[in-house]
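First listed ligand is number 1; within each ligand, the first listed atom is number 1.
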Amino acid sequence: MGRTTTGAEPDVAPSSVTESLRGLATLAGPLPEFDVDRAPDAPGPLFGEWFVRAVREEVREPHAMVLSTVDAHGRPDARVLTLREVDPDAGTWTFGTSIASPKGRQLDAVPWAALTFYWPEQGRQIRVRGPVVRAKAARNAQDFLRRGPAGRVMSLVGRQSEPMPDPTEWEEDRRRAELQLERHPGVVAADWALYTLTADRVEFWQGDDRQRHRRLEYRRDRAGARWTRVPLRP
Ligand SMILES: Cc1cc2nc3c(=O)[nH]c(=O)nc-3n(C[C@H](O)[C@H](O)[C@H](O)COP(=O)(O)O)c2cc1C
């Protein structure tokens, strides 16, 4: 690992991958404690505590998370996304993407999702599940304008995840998008949207190097007002 500088991957035989797997450590300590009994009544504040600590202890990209969705046929899909907002009191997590992308279309068909955070430096995993709602146009535009120029250009280029048989076509689209942004700094990509997941389950998982992992699941009641805390077997 880490020896390639050209972008080309070194030749690796499949058997040596399996051999390497055997030598790799998981959940190497020291890891933080998680006192399940002293956890707050709702998951939002605990997410806040864990997140602030992750930032303070320099966990790499703690705001990167896996978004899992299902398509209209019930087939799962997943990819990494950036967390854009959290409302700890409401128990909501918000991300942004193109409504025309595969995940955008999947969320149209099945507006439910799961988010997974993994912070290896601390052996911590957080799983969030629930229904997802797309924000209205004005809020999406406001969020789009808060993004950095590179992200805005990417969205203006558009057609995320479509096949790219000819990279020069994409380079031309990109150049056009850069010019568009230069000339009209207030331009907004029509397909950019924020999606907010309102959690009905949130699980906090603290790894332990002696396999005595600590798990706490929060379950929201049907009325959406109260949370029950449920410790889980590791
Ligand atoms: C660290 C990281 C952050 C990312 N953040 C976003 C994001 O916030 N929004 C987004 O649309 N794609 C993001 N991506 C790209 C997605 O993983 C994915 O490739 C893309 O959205 C297409 O997904 P889809 O084909 O399932 O729609 C990110 C990728 C990585 C590795």
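- Looking only at distances, a side-chain donor or acceptor of Arg229 sits under 3.5 Å from a matching main-chain atom of Ala39.
- Contacts of ligand 1 (protein heavy-atom distance under 4.0 Å) are Glu61, Arg79, Val80, Leu81, Thr82, Gly96, Thr97, Ser101, Pro102, Lys103, Gln160, Ser161.
- No donor-acceptor contact under 3.5 angstrom links the side chains of Trp227 and Asp41, judged on distance only.
- Put simply, the side chain of Met154 reaches to within 4.5 Å of the side chain of Arg174, judged on heavy atoms.
- Applying the 4.5 Å side-chain rule to ILVMFWY residues, one finds that Leu179 remains a lone member of its cluster.
- Under the 3.5 Å distance criterion, with hydrogens and angles disregarded, a donor-acceptor pair is assigned to the side chains of Thr94 and Thr196.
- For Glu178 and Arg175, the salt-bridge test passes: some basic side-chain N is under 4.0 Å from an acidic carboxylate O.
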